Amino acid sequence: MSNPQIVTRFAPSPTGYLHIGGGRTALFNWLFARGRGGKFLLRIEDTDRERSTPEATAAILRGLTWLGLDWDGDVVSQFDRKDRHADVAHEMLTRGTAYKCFSTKEEIDAFRIAEEEAGRYPLFLSPWRDADPSTYPDLPYVIRMKAPRTGETIIDDKVQGKVTFRNDQLDDMIVLRSDLTPTYMLAVVVDDHDMGVTHVIRGDDHLANAARQTMVYQAMDWPVPVWAHIPLIHGPDGKKLSKRHGALGVEEYQVMGYPAAGMRNYLTRLGWAHGDAEIFTSDEAMAMFDLDGIGRAPARLDFKKLEHTCGQHIAKADDAALLRELEAYLGVAGKPPLTQAQHDLLLRAMYCLKDRAKTFPELLDKAEFALASRPIVPDAAAAVHLDAVSRGILRALTLQLQNGIWEKAELEHILTAAATEAGIGFGKLAQPLRAAIAGRTATPSVYDMMLLLGRDETVARLSEAAG
RNA sequence: GGCCCGUUCGUCUAUCGGUUAGGACACCUGGUUUUCAACCAGGUAAGAGGGGUUCGACUCCCCUACGGGCUGCCA
């Protein structure tokens with residue numbers, strides 16, 4: 001079962017929260033590695049000192065943790081490895097696969113602008129590429145890769161297929177900046193190589209980069225990893241996901257009350273399929289997941305399906321685990337924590353709550369009977385069921401409930417008889433009961449609630465409502 | 001502008017030259033029901049457009065349209 005040669009990684013840049021698309025990328029890497037006994041590594045691409053923040057790193061780690069995506073080993077900071085990156089850049093120099101370029105940023109910018117205005121492709125070709133080192137000035141320089149100028153570079157991508165790039169379309173990219181810090185193009189390759197990454201699964205915005213990165217691998221004589229560039233997620237309107245679509249950060253989904261297992265399931269199925277499999281656990285997903293099941297087209301977010309998937313997972317969840325996740329939700333959503341009594345009652349009630357909710361807010365709403373304390377204040381919809389006639393029936397019922405045995409068969413007997421006596425159907429009786437017991441119109445079965453609450457509490461609520 | 005990728009029901013997708021184009025969500029109808037949720041039965045709904053190749057194309061090729069990505073001393 002163990003397949004030690006498989007190593008994947010997730011490598012976000014810490015410039016904000018964990019994006020929902022990033023979460024899915026991480027998920028795919030995690031599923032692929034874990035399903036094959038491989039390793040899933042985490043690297044923070046923090047070489048951009050201007051935009052990287054420790055807060056963002058913390059947010060990314062929180063997001064991954066909430067999603068249940070555990071990584072192997074320590075989190076790698078790309079910035080911490082800058083010396084190694086610089087060493088590799090200099091080794092490329094020695095190997096003759098890179099060169100020093102003394103062109104200034106201003107010169108290059110001016111060149112690009114001029115070329116674009118002339119309607120040409122602004123491909124900058126450094127005059128220093130083949131310069132004699134004896135002519136080098138004593139000025140700051142960058143190290144550029146000496147990329148092949150002819151032929152083509154082929155990316156054999158597990159998702160996109162074979163993608164060909166003409167080498168004369170690619171410039172000699174900078175690998176080491178004039179301040180001696182590495183660029184992303186160099187850092188990713190060096191890190192992926194050093195970390196032993198075998199499969200690079202990432203967003204397809206990196207597809208073109210893969211060609212340039214391949215050149216770095218070749219320049220260093222390193223084995224090129226297996227590529228899998230997955231399409232980005234789009235908003236419901238098919239446009240690139242942006243702020244106006246609402247929730248972008250993974251943590252926002254936690255705050256909205258979606259369970260992590262449901263999120264994982266939904267995100268796995270978004271852009272990936274394995275026959276007709278729709279609802280599955282993460283273990284099942286690991287067993288099924290494969291790179292060629294990933295679609296080539298960007299997928300759109302569909303909240304209805306997300307909710308349905310989450311509902312299925314809530315219904316199947318273990319009571320205690322679900323309650324634990326519910327309490328975590330309460331925390332992040334800024335809602336008051338459960339008292340011990342509420343906790344205990346909710347745990348006993350979970351069996352009749354979990355199959356009627358798709359999200360935690362819904363579950364909480366159905367659980368109102370267990371959370372509220374007397375006096376029960378009915379909401380507007382429930383209040384209409386507590387008219388004079390209903391209150392009379394409730395009053396009569398209260399007397400009978402004080403004596404009977406507190407078990408379902410007996411309660412059924414009493415309630416059915418009460419309905420018959422009042423000349424109404426059971427449904428007509430159930431609504432005032434709900435209003436009195438829970439203050440709501442949508443609740444679990446009245447029997448479940450009465451049994452859970454116990455005789456004293458039930459009778460007290462009924463008599464209060466009866467007035 | 002150049003290069004690259006994509007396009008099957010409203011949405012996520014199956015299909016890997018021959019199917020009445022299947023499933024799921026959503027929606028509609030009916031049923032069940034103690035409200036909500038769930039559940040059962042049924043239904044509406046798709047190969048972007050145009051050319052080829054082929055006995056036969058959703059599937060292979062080309063063009064167009066639309067969407068996306070890259071084109072930084074950002075990642």
Side-chain angles (χ1 to χ4, degrees), chain A residues 11-15 45-48 50-52 78 101 103-105 108-109 112 116 119-124 140 142-144 155 157 159-161 163-166 169-171 173-179 181-185 187-188 203-209 211-212 229 231-232 234 236 238-240 266 269-279 292-293 295-309 311-312 315 353-358 362-363 365-366 381-382 385 415 419 425-431 433-435 438 440-447:
Chain A
S13 39
T15 54
E45 310 228 311
D46 50 0
T47 53
D48 185 341
E50 301 287 300
R51 298 195 298 159
S52 300
Q78 189 159 65
C101 168
S103 297
T104 65
K105 211 169 180 173
I108 299 169
D109 286 346
R112 286 215 177 92
E116 270 181 47
R120 283 191 295 268
Y121 179 51
L123 188 78
F124 178 73
V142 299
I143 296 181
R144 304 188 94 104
I155 300 302
D157 193 280
V159 176
Q160 309 287 340
V163 184
T164 305
F165 295 90
R166 280 171 48 184
Q169 296 290 324
L170 273 17
D171 62 6
M173 64 180 182
I174 294 172
V175 291
L176 202 71
R177 300 185 186 105
S178 48
D179 64 359
T181 61
T183 61
Y184 161 77
M185 288 293 180
V188 237
D204 69 3
D205 48 336
H206 286 291
L207 183 57
N209 291 339
R212 324 176 84 112
H229 289 91
L232 271 16
H234 283 191
K239 299 288 184 190
K240 196 173 67 161
Y266 175 72
R269 258 307 266 110
L270 189 62
W272 173 85
H274 183 80
D276 289 338
E278 295 283 352
I279 303 296
D292 38 66
R296 266 76 66 201
R300 305 179 192 200
L301 232 34
D302 179 358
F303 281 82
K304 289 282 200 207
K305 189 151 184 174
L306 203 213
E307 282 178 16
H308 174 263
T309 305
Q312 299 286 315
L353 291 170
K354 65 183 183 182
D355 60 352
R356 13 173 56 89
K358 295 170 174 167
E362 276 184 28
L363 193 147
D365 192 53
K366 301 284 167 55
H385 293 292
L415 260 44
F426 182 74
K428 288 283 184 194
L429 176 62
Q431 286 303 46
L433 280 171
R434 282 200 178 82
R440 296 293 162 89
T441 51
T443 74
S445 143
V446 291
Y447 296 118

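Because the structure is predicted, anything quoted here is derived from the model rather than measured.
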Of the non-hydrogen atoms in [X] and [Y], which two are nearest, and what is the gap between them?
X: A:R434; Y: A:T441; value: CD-O, 3.2 Å
X: A:D46; Y: A:Q78; value: OD1-N, 3.1 Å
X: A:A211; Y: A:F165; value: CB-CD1, 3.6 Å

Using the [atom1] atoms only, state how far [M] lies from [N], rounded to an integer number of Å.
N: B:C61; M: B:U29; atom1: P; value: 44 Å
N: B:C62; M: B:A24; atom1: P; value: 36 Å
N: B:U34; M: B:U7; atom1: P; value: 49 Å
N: B:U11; M: B:C27; atom1: C1'; value: 12 Å
N: B:U13; M: B:U53; atom1: P; value: 33 Å
N: B:G51; M: B:U15; atom1: C1'; value: 25 Å
N: B:A14; M: B:G50; atom1: P; value: 24 Å
N: B:G72; M: B:C3; atom1: P; value: 16 Å

Name the closest nucleotide to the [X] side chain, picking from [options].
X: A:R212; options: B:C25, B:U35, B:U71; answer: B:U71
X: A:Q169; options: B:U35, B:C3, B:C73; answer: B:C3
X: A:K358; options: B:C36, B:A38, B:G69; answer: B:A38
X: A:R356; options: B:U34, B:C3, B:U35; answer: B:U35
X: A:F426; options: B:C73, B:U34, B:C39; answer: B:U34
X: A:A273; options: B:U34, B:U71, B:U13; answer: B:U13

Using a distance-only criterion (donor-acceptor N/O pair, under 3.5 Å, no hydrogens), is the base of B:A75 paired with the side chain of A:N209?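 Such a pair is found, so the answer is yes.
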Suppose we call a contact any N or O donor and acceptor under 3.5 Å apart; does that hold for the side chain of A:S178 and the base of B:C73?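 When only heavy-atom distances are counted, A:S178 does reach the base of B:C73 through a donor-acceptor pair under 3.5 Å.
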Just checking [X]: base, sugar-phosphate only, or nothing, at a heavy-atom cut-off of under 4.0 Å?
X: A:H206; value: base
X: A:P444; value: base
X: A:T15; value: nothing
X: A:Y447; value: base
X: A:K366; value: base
X: A:D171; value: nothing
X: A:G311; value: nothing
X: A:A442; value: base
X: A:M185; value: base
X: A:E278; value: base
X: A:R166; value: nothing
X: A:R269; value: base
X: A:V446; value: base

Mind calculating the distance between [atom1] ([X]) and [atom2] ([N]) to the nearest angstrom?
X: A:D302; N: B:C9; atom1: CG; atom2: P; answer: 14 Å
X: A:F124; N: B:C73; atom1: CZ; atom2: C1'; answer: 11 Å
X: A:W272; N: B:A24; atom1: CH2; atom2: P; answer: 17 Å
X: A:L429; N: B:U35; atom1: CG; atom2: P; answer: 13 Å
X: A:Y266; N: B:A24; atom1: OH; atom2: P; answer: 17 Å
X: A:D157; N: B:C5; atom1: CG; atom2: C1'; answer: 10 Å
X: A:R300; N: B:C9; atom1: CZ; atom2: C1'; answer: 13 Å
X: A:R296; N: B:C12; atom1: CZ; atom2: P; answer: 14 Å

A:L415/A:L429 under side-chain contact (heavy atoms from CB on, under 4.5 Å): CA gap, chis, key distance, verdict: CA-CA 8 Å; A:L415 260 44; A:L429 176 62; 4.2 Å; yes
Any strand: nucleotide that pairs with [N] via Watson-Crick or wobble, under 3.5 Å:
N: B:G18; answer: B:C55
N: B:C3; answer: B:G69
N: B:U35; answer: none
N: B:G30; answer: B:C40

Check the phosphate of B:A75 against A:T47, side-chain N and O only, distance under 4.0 Å to OP1 or OP2. Yes or no? yes
Can you find a side chain N or O atom of A:R440 that sits less than 4.0 Å from OP1 or OP2 on B:U35? no
Are there over 12 heavy-atom neighbours, none belonging to A:H274, within less than 6.0 Å of that residue's NE2? no
Comparing A:L232 with A:A297, nearest RNA chain B nucleotide closer to 5' gives the residue A:A297
5'-most by nearest nucleotide on RNA chain B - A:K304 or A:L270: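 Nearer the 5' end of the strand: A:L270.
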What's the spacing between [X] [atom1] and [Y] [atom2] if we round to 0.5 Å?
X: A:F426; Y: A:Q431; atom1: CZ; atom2: CD; value: 10.5 Å
X: A:M185; Y: A:N209; atom1: CE; atom2: CG; value: 3.0 Å
X: A:D292; Y: A:W272; atom1: CG; atom2: CH2; value: 10.5 Å
X: A:L306; Y: A:L270; atom1: CG; atom2: CG; value: 9.0 Å

